[in-house]
K.L.:
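I am attaching a structure below and will ask some questions about it afterwards.
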Amino acid sequence: MVAISNAAHGRAGGWTFTDMRPQDLRQVLEIERTAFDNPWTSALFLQELRIPFSRILVMRPAGGPEEPIVGYLCRWFVADEIHVLNVAVHPQYRRLGLGTMLLDEAMREARAAQAEAVTLEVRRSNQAAQRLYAAFGFEEVGVRRNYYGRGEDALIMRLLLRRG
């Protein structure tokens, strides 16, 4: 497994990306609960913070750590693959391209780490997210039946970064 720095920080325009800290949990949970019908618990987020191959990237307006979190992306980097577990943007900041920026930051990280591929699951009913992922070049490679509960399948999407 290739190690990626979990202390990396980045800026994009008027936005700053940093690693989630335990004190960010309240804001992340607020976004999580508005974004998903079956939201992650605080225990799940705290567990992700302890896993060496997991990273939760939070996005804030540029200005410092006191700025509110407007979105986040949780990913794993295992072997030669990045797996995106969760992406969400605060409702007040949707339709501004922030989801694209979060995913772009994950793609940048994947390429820097020389990952072979990026994978994720998306609700079959979430057409907007599917369009976002397709714009990055993700392709549907499978289905997980009832992944999100009875009657809600997940589409497995994959982006190959290095073609052999």
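Counting begins at 1 with the first residue of the sequence.
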K.L.:
Can you see which heavy atom on Val78 is nearest to which on Phe53, and at what distance?
P.N.:
CG2-CD1, 3.6 Å
K.L.:
Locate the shortest heavy-atom distance separating Ser125 from Gln130; write the atom from each residue and the value.
P.N.:
N-NE2, 4.3 Å
K.L.:
Answer with yes or no after comparing the ring centroid distance for Tyr72 and Phe17 against a 6.0 Å cut-off, counting only values under it.
P.N.:
no
K.L.:
Looking just at side-chain N and O atoms, do His90 and Glu30 make a donor-acceptor pair shorter than 3.5 Å?
P.N.:
yes
K.L.:
Could you go through Glu152 and Arg124, starting from their C-alpha distance and side-chain angles, then the distance that decides it, and tell me whether this counts as salt bridge (Lys or Arg N to Asp or Glu O under 4.0 Å)?
P.N.:
CA-CA 7 Å; Glu152 184 74 67; Arg124 185 185 297 271; over 6 Å; no
K.L.:
Please name the pair of heavy atoms, one in Phe77 and one in Ala113, separated by the smallest distance, quoted to 0.1 Å.
P.N.:
CZ-CB, 3.7 Å
K.L.:
Between Thr16 and Glu67, does a side chain to side chain donor-acceptor pair (under 3.5 Å) hold up when you go through it step by step?
P.N.:
CA-CA 10 Å; Thr16 301; Glu67 295 291 335; over 6 Å; no
K.L.:
Kindly indicate whether the side chain of Glu48, heavy atoms from C-beta on, has any atom under 4.5 Å from the side chain of Met20.
P.N.:
no
K.L.:
What's the spacing between Thr41 OG1 and Gln47 CD if we round to 0.5 Å?
P.N.:
8.5 Å
K.L.:
Is there side-chain contact between Trp40 and Cys74, with heavy atoms separated by less than 4.5 Å?
P.N.:
yes
K.L.:
Looking at Asn146, I'd like to know if its CG atom is crowded, meaning that more than 12 non-hydrogen atoms belonging to other residues, nucleotides or ligands lie closer than 6.0 Å.
P.N.:
yes
K.L.:
Test salt bridge (Lys or Arg N to Asp or Glu O under 4.0 Å) on Glu121 and Arg144; report intermediate values, then the result.
P.N.:
CA-CA 8 Å; Glu121 289 90 12; Arg144 295 193 198 281; 3.0 Å; yes
